[in-house]
Amino acid sequence: MSKRIIDSYKKKLEGEEGVIVKRGASLRIALCYPNTHAVGMANLGLHTMYELFNKIPEVSCERVFLPDDAELKEYEKSRTPLLSLETQTPVKDFDVVAFSISFETDYLNMARMLQLSSIPVWSKDRNHFHPLVVMGGAASFLNPEPIADFTDIIAVGEGEILAFQLVDAIFENETKEEILLNLARIGRGFYVPSLYDVVYNDDGTVFDYLPKETGVPKRVGRALASTNPKEGTLRRAIKRNETEVVDFLMNQDVFAPSTAVWSPQAEMGDRLLIEISRGCSQGCRFCWAGYNYYPPRVVPARDILAKASEWRGKTNKIGLVSTAVCDHPEISTILSELRKMEYRISVSSLRLDQISEELLDALVESKDQQIAVAPETGSDRLRRVINKNLTNDEIVDICGAVFDRGMLTVKLYLMVGLPTETQEDLEEMIVLVERIKDRMLEAGKRFGKAGKIIPSLNGLVPKPNTPFQWDAVCDEKELKNRLKWTAKNLSRIPNVEVRMMSARIAHEQALFSSGDRTVGRVIEAAARMKGNLNEALRETGIDAAFHTSRNRSYDEFLPWSIVDSGLSFEFLRTEHEKSQASLSSKPCPAVEKCTTCGVCPTTWLANAPAGLVQLQSLRTPRRALTVTV
C-alpha cells in the first residue's frame with residue numbers, strides 16, 4: 001500500500017474532530033461518498049449515516065471518498081486498493097460497503113469506486129467473500145434503476161429508519177441470501193434488485209417487474225422518519241394556541257441531522273450544518289426534492305438550538321439546511337436564539353416569497369454579502385407552468401428589500417428549456433434581470449457602492465416522481481442555442497456576471513435520471529473509460545435519446561415505478577395536465593388526513609391503517625401518537 005496515500009489520509013484526520021474509530025466491532029461498514037472528501041464532508045446525508053451507524057455498539061463505520069486527482073494518480077501508480085479514511089483499511093475488507101448518493105451524476109463515481117476497490121461492479125459477479133453493497137440517499141427513491149445491477153440492497157427512504165433495520169437484518173440472518181430476502185419481504189424501505197425480473201416490451205420500454213420469490217412486494221414503499229411533526233400541523237396548532245398539541249409535537253424524540261465530524265478544510269467545513277426541515281410545500285413541478293420528500297416535516301426548535309449550543313465553542317457560523325427555511329413554524333424563535341448566541345447565520349438558498357425582515361436582519365448581522373434566490377424564469381406565464389406563484393413585479397420588489405439592507409449581490413437561479421417555453425419567455429428573462437440590476441444600482445447609491453447580479457443558467461432536467469416525468473429534455477442542440485442566446489444577452493447588461501451549465505451536462509443528467517437498468521452498462525463502461533460517456537455509449541450501443549429525448553405516454557410503465565413514493569398517478573397526471581395549460585395549484589397543506597397527493601394515507605403513521613405502518617427498529621422505540629389533529 002502507498003505510504004503517500006496513508007500519510008495524506010492521516011493528515012486529513014489531524015484536521016478533523018469527532019472522528020470515531022472502533023476496534024474489534026462485529027460489523028464493519030465502509031460508508032462511501034462518491035465524490036471527493038472536500039465535497040462529501042458538506043453533505044448532511046453522509047454525516048447522518050456516519051452518526052447513526054456508529055451509535056450501534058456492535059458496528060464500526062468508516063468513511064470512504066473518491067480520490068481527488070492527485071490521490072488518484074498515486075492510487076493508480078502504486079496499485080493500492082481504495083482505502084477507508086479512518087484506519088486506511090482496504091474497502092474490500094469491510095462487511096458492508098454502503099454508498100450515500102444524493103445526485104444521479106455520482107452513479108458514475110460509484111462504479112469507479114468499486115473498480116478502485118477491486119470489488120466486482122456487477123452484483124451477479126460477487127460471491128460470499130465480497131462485501132454486501134448497499135446504496136441509499138436521495139437518489140435511491142428518485143430512480144435507482146441505472147445502478148440497480150451494481151447493488152445488493154437499495155435503501156428506499158430515510159436513514160433514520162433504515163440504518164437500524166439494515167443492521168438488525170444482517171445480525172439476525174446467517175447468509176447473504178437470507179439477508180436479502182428478509183429485507184425485501186419487509187415491503188417498505190428495502191429494494192433488492194436481484195429478486196426481480198424486468199420484462200421489456202418489443203419497443204424497449206419496460207413492461208413490468210416480476211418478483212422472483214413469494215412475499216417480495218410488487219412495488220417497494222418508501223420509508224419515512226415518522227416522528228418529525230408535519231410543518232402544517234405544527235403551524236396550525238401554534239396559530240390556534242393549542243398548547244397541548246404544540247407541546248406534544250415539539251417534544252417527540254426527533255433526530256436532528258447535523259454535522260457529525262468537524263472538518264474545516266472541506267467545503268462549508270467552517271460551520272455547523274443542521275437540517276431544520278425536510279421537503280417543501282409549494283409543489284414546484286420541476287423540483288424532485290419537493291415531491292420526493294412529501295410531506296414537509298420539521299425539526300423542532302428545541303433540538304436545533306440544543307445542537308447549536310453544543311457546537312458554539314467550535315464555531316460562530318451555522319448553516320440552516322432546508323428547501324424552505326422560512327416555512328418552519330418556529331423560524332422566529334430559531335433566528336432570535338441563534339442571534340443571541342452570536343452565530344453568523346447562512347442559508348443555502350431562499351424562496352423569494354419567504355424572505356422575511358427577521359431573516360434579512362440575521363443575514364446582515366452575519367455579514368453575508370450575497371444571497372441566492374430562484375425566480376426560475378423571467379415569464380409570469382412560465383412560472384404558472386412550473387407552479388411558482390410569483391410575478392416579475394413581486395420578484396423585483398423582494399430583491400429590492402434585500403438590496404435596501406446593503407446586500408447588493410444576488411445570485412439568481414434560472415432555467416432554460418422548460419415545457420412550453422418560447423423565445424418570448426427567454427426575452428422576458430433578460431428584461432427581468434435588467435430590472436433587478438436597476439433596482440440594485442438604485443439601492444447601491446445609498447451605500448456608495450454597486451453589487452452584482454449573478455444569473456446561474458441551467459437546462460431543465462425532467463425528474464422522476466414529478467409532474468414533468470413524462471416530458472423529454474429539450475433537444476441538446478436546441479438547448480445549447482437557447483442557453484448561449486440567453487447568456488450572451490444577459491452578459492451585455494452591466495454589473496451582471498453569467499454562469500451557465502452546458503447542454504451536454506443536462507443530457508448526461510437526464511440519462512442517469514430517466515434511464516432503466518440497461519443504462520448501467522453505459523455507467524460501468526464510462527467508469528472504465530475514465531468518464532468518457534460518448535465512448536461508453538458507442539461501446540454498449542445504448543441509444544441515450546431513447547431515455548432522454550422522447551415524451552412518454554401516461555400508459556407507459558416508467559422504470560422508476562418499482563419504487564412507490566406514495567404520490568398517486570392521478571395526482572401527478574393532473575399536475576402535468578395543469579402545467580400544459582399554464583394553471584397553478586395550491587401548496588401542500590402538510591396536515592393530517594389530507595389525501596390530495598396520496599402520500600400521507602400510505603406513508604404517514606399518525607392515521608395510517610395498521611397494515612401500512614412502517615416498521616421501526618426496537619433499538620429506537622418511539623412514543624405512540626395519541627393526539628388527533
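Everything numeric here is computed off the predicted structure, so don't read it as measured data. For reference, positions follow the sequence shown, starting with 1.
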Ignoring hydrogens and geometry, is there a side-chain-to-backbone donor-acceptor pair from [X] to [Y] under 3.5 Å?
X	Y	result
Asn182	Glu178	yes
Asp149	Trp122	no
Asp106	Asn109	no
Thr151	Ile147	yes

Holding to salt bridge (Lys or Arg N to Asp or Glu O under 4.0 Å), I want the full list of residues that pass it with [X], two or more places apart in sequence or in another chain.
X	value
Glu267	none
Arg63	Glu16, Glu86
Asp197	Lys212
Lys10	none

Glu556 and Trp470: side-chain donor and acceptor closer than 3.5 Å?
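No, no side-chain donor-acceptor contact under 3.5 Å.
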
Could you list all the salt bridge (charged side-chain N to carboxylate O under 4.0 Å, His left out) pairs where at least one residue sits in residues 26-44, not counting sequence neighbours?
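For residues 26-44, and leaving out neighbouring residues, the salt bridge (charged side-chain N to carboxylate O under 4.0 Å, His left out) pairs sorted by first residue read Arg28-Glu62.
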
Salt bridge (charged side-chain N to carboxylate O under 4.0 Å, His left out): pairs with one or both residues in residues 88-98, sequence neighbours excluded:
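Matches after skipping sequence neighbours: none remain.
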
Can you label the angle between the Phe571 ring and the Tyr291 ring as parallel, tilted or perpendicular, going by 30° and 60°?
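The rings of Phe571 and Tyr291 sit tilted, inter-plane angle from 30° to 60°.
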
Parallel, tilted or perpendicular: rings of Phe65 and His37 (30°, 60°)
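It falls in the perpendicular class, over 60°.
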
Donor-acceptor list for residues 520-527 side chains, cut-off 3.5 Å, not counting sequence neighbours:
residue	atom	partner	partner atom	Å
Arg521	NH2	Thr540	O	3.0
Glu524	OE1	Arg528	NE	3.4
Glu524	OE1	Arg528	NH2	3.2
Glu524	OE2	Arg528	NE	2.8

Lys176: partners by side chain to side chain donor-acceptor pair (under 3.5 Å), with sequence neighbours left out:
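Counting only residues at least two positions away or on another chain, Lys176 forms a side chain to side chain donor-acceptor pair (under 3.5 Å) with Asp152.
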
Would you say Glu172 has more than 12 foreign heavy atoms packed within less than 6.0 Å of its CD?
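Yes, the 6.0 Å shell around CD holds more than 12 heavy atoms from other groups.
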
Pairwise distance CG(Leu82) to OG1(Thr89) - rounded to 0.5 angstrom
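Here the interatomic distance stands at 11.5 Å.
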
Among residues at least two apart in sequence or on other chains, which ones pass side-chain contact (heavy atoms from CB on, under 4.5 Å) with [X]?
X	value
His130	Pro120, Arg126, Asn127
Lys73	none
Phe546	Thr205, Asp543, Arg550
Tyr209	Glu145, Tyr191, Tyr196, Val198, Val206, Arg517, Phe557, Pro559, Ile562

Does Lys218 pair with Asp208 as a salt bridge, N-O distance under 4.0 Å?
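Looking at Lys218 and Asp208, the cut-off is met.
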
Going by an N to O cut-off under 4.0 Å, is there a salt bridge joining Glu535 and Arg538?
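A salt bridge links Glu535 with Arg538.
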
Quick check on the 6.0 Å ring-centre criterion: do Tyr293 and Phe141 meet it?
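Yes, close enough.
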
